[in-house]
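All figures in this text were calculated on a predicted structure; none of them were measured in a lab.
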Amino acid sequence: MASNLTLSSSYNAKMNPDIQNERNKATFDYINLTYLIDGSKEKTERRRYIQSLVENDPDFQHKPLAFMTREERYSNSIRKAILAVKKMDALGLNDPWEMEIYKGAANRSEDPSLTLHASMFLHAIINQMDTDQQAKWSEQTFGYTIIGTYAQTEMGHGTHLRGLETTATFDPKTNEFVLHSPTLSSIKWWPGNLGKTVTHAAVAAQLYSQGKCHGVHMFMVQLRSLEDHQPLPGIELGDIGPKLGYSNIDNGFLRLKNYRIPYDNMFMKYSKVQRDGTYVKPPRAKLTYGSMVLIRSFIVGSMGAQLAKGATISIRYSAVRRQSEMELGAQEPQVLDFQSQQLKLLPYLATAYAFIFAGKKMKDTYIQSSNAISEGDFSVMPELHATSAGLKAFTSWVANEGLEIQRMSCGGHGYSQASGFPELYATTVPACTYEGENTVMMLQTARFLMKCMTRASNGEKLHGACSYMSERVPSRSQASSLEHFLNNNFIIQAYKHRAYRMATAAAMSVQEQLKKDKPHHEAWNNSHFHLLKASEVMPLKCIYF
């Protein structure tokens, strides 16, 4: 019988009196806090209205995910993704925020299928194709007449993009690019919806022209026939199999066998190959990586949302669960009354809020920086990359650690699928490795910090995230009472001091290694401990400033 329950079957349950009692004791206006998170009262009301459209729509009802097979989850997820696109079109929903709300409500605990199509694939078209190319591909993408993914990671290389092995060789005789997977390790691995669903992919490959390699560039590649959905000649692809989570997503592999694509299928907004084979380089080499920076920027807020879900489950559970004795013969207390439970859960509740608001700031920063880049100002790129990389790594690490503590705080019940934690954890933990493995991300942030330290030591006045390096930071805390530690100014000064001290220690470590005649790569490797400690502070500074 349990497998026939619908997702809406529990909505008629009465409010538990212990939860209601806890809510009545609130000393803040939770409604205004909701408005703050959403952006305004009007946005909260709009969000709730959009969510109600989905919740009251029988087309989105189905049996619990835990009782579905992997194939059922995939089919159901694709069904809901296409259904959501059609219904949003019928409702006239075209605002990105409203579309995100609608799709989130439709998928609930699952990540929506076709997410890469609407994010990285579309973003690459808009931001890395020239005007003529956009005119050709954007309408098909927006209309879902083609479905795309972002194929960058390979079996042998992920975060180290310069190590990608897939090649795209320009043939001036035919005006075509020849894409090839020369080794087993060069097979594309992990792209979402590649296994069964997509028709096209934005493929990252090493560009070769006139016998020279010009680094990683993006190419539009049709993978399947638009008539019968079969792989095209020269294309070998499929599903990579079961994973820890994301059972609804058909992550896939792709092997290219001297596969030819038209000349115009190279993304040519910033760089291009002329028809005689001459290469025109971009203003900045890392412009190709823009789609990754987009996702990293959005991961920050999503980690806050995941922690918030875990906090909601674990704190509500702790309010209704009664256990043990505080006073002999008295009623069993709520688990939430134990200070040890509060010490475990409340810091992660606070962290969820911090990450949510940091995510909003990171989104705004990305949009502003993206606009500046579009206008030819590339000076914002280093800090945008360093900040997004550091925050992505820090927030995903903390979220995964927090979810496990929240799960264990629910005792044995946290291990049940009914708690929501297994699905929640399985969809959060990949953030530590996708779009850049976290340790590597932190070291990239550290590299930016060391460059800033060098500039500051040369007397340059810095702005932005590293402005504190040009300031006179107090050597000791100026706080002299407990009240001072509730004052933001004292907290910010403490973070500036810590950030400066850790960055200085890292820079000194590298310099000490260089003085021992170590080559730079060895000096850097031998200083990883200090570099990682320094990079951990930058995300904290971004969150709390």
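Considering all non-hydrogen atoms of both residues, G310 and Q406 come closest at CA-OE1, 3.2 Å. Annotation for C452 and L462: closest pair O-CD1, 3.4 Å, computed over non-hydrogen atoms. For the residue pair S370 and N127, the shortest heavy atom distance occurs at OG-OD1, 3.9 Å. In terms of heavy-atom proximity, M502 sits nearest to V537 at CG-CG2, 3.8 Å.
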Going through the checks in order, is the salt bridge (charged side-chain N to carboxylate O under 4.0 Å, His left out) test met by K63 and E72?
-> CA-CA 10 Å; K63 68 182 181 181; E72 285 176 327; 3.5 Å; yes
Stepwise, does the salt bridge (charged side-chain N to carboxylate O under 4.0 Å, His left out) test hold for E423 with K309? CA-CA 11 Å; E423 183 75 20; K309 292 174 185 176; over 6 Å; no
*asked:* Using salt bridge (charged side-chain N to carboxylate O under 4.0 Å, His left out), reason through D250 and R70 one step at a time and then give a plain yes or no.
replied: CA-CA 10 Å; D250 53 318; R70 181 167 177 258; over 6 Å; no
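Under the 4.0 Å criterion applied to side-chain N and carboxylate O atoms, R296 and E435 are not assigned as salt-bridge partners. A salt bridge does not link R316 with E22: none of the charged nitrogens is closer than 4.0 Å to a carboxylate oxygen. The pair R48-E55 does not meet the salt-bridge criterion, since no charged nitrogen lies less than 4.0 angstrom from a carboxylate oxygen.
Among residues two or more places apart in sequence or in another chain, the side-chain contact (heavy atoms from CB on, under 4.5 Å) test is passed with Y35 by I31, N32, K41, T44. For C410, the side-chain contact (heavy atoms from CB on, under 4.5 Å) partners are S314, Y317, F421, not counting sequence neighbours. In terms of the side-chain contact (heavy atoms from CB on, under 4.5 Å) criterion, residue partners of E100 (sequence neighbours excluded) are, by chain and number, K363.
By the 30° and 60° cut-offs, the orientation of the rings of Y434 relative to Y246 is perpendicular. Classification of the F490-H484 ring pair by plane angle, with boundaries at 30° and 60°, yields parallel. The aromatic rings of H528 and W524 sit perpendicular, their planes meeting at an angle over 60°, well past the 30° parallel limit.
Remark: R498 CZ to S477 OG distance equals 14.0 Å, nearest 0.5 Å. The structure places CZ of R407 at 10.5 Å from CG of L403, a figure rounded to the nearest 0.5 Å. Between the CZ atom of F60 and the CZ atom of R108 there is a distance of 9.0 Å, given to the nearest 0.5 Å. Note that the OG1 atom of T395 and the CG atom of N438 stand 8.0 Å from one another [nearest 0.5 Å]. The CD atom of Q342 sits 9.5 Å away from atom CD1 of I315, with the distance rounded to the nearest 0.5 Å. The distance from the CZ atom of R322 to the CD atom of Q331 is 4.0 Å, given to the nearest 0.5 Å.
A donor-acceptor distance shorter than 3.5 angstrom exists from the side chain of K243 to the backbone of I249, with no hydrogens or angles considered. Formation of a donor-acceptor pair under 3.5 Å by the T115 side chain with backbone atoms of P112 is found in this model. At distances below 3.5 Å, not a single donor-acceptor pair connects side-chain atoms of D89 with backbone N or O atoms of V85. Judged by distance alone, the side chain of T445 and the main-chain N or O of M441 form a donor-acceptor pair under 3.5 Å. Looking at S388, its side chain does come within 3.5 Å of a backbone N or O of L384 through a donor-acceptor pair. Under a 3.5 Å cut-off, the side chain of E437 and the backbone N or O of T439 do form a donor-acceptor pair. A distance-only check finds no donor-acceptor pair linking the side chain of S369 to the backbone of Y366 [under 3.5 Å].
At least one test fails for R46 against the ring of W97: distance under 6.0 Å to the centre or angle within 45° of the axis. The cationic atom of K87 (NZ for Lys, CZ for Arg) does not lie both less than 6.0 Å from the six-membered ring centre of Y102 and within 45° of the ring axis.
A donor-acceptor pair shorter than 3.5 Å cannot be found between the side chains of N487 and E483.
Here Y144 and H117 bring their ring centres to under 6.0 angstrom of each other.
Other residues, nucleotides and ligands contribute at most 12 non-hydrogen atoms within 6.0 Å of the CE atom of M508. The number of heavy atoms from other shown groups lying within 6.0 Å of CD (Q339) does not exceed 12. Within 6.0 Å of OH on Y500 lie no more than 12 heavy atoms contributed by other residues, nucleotides or ligands.
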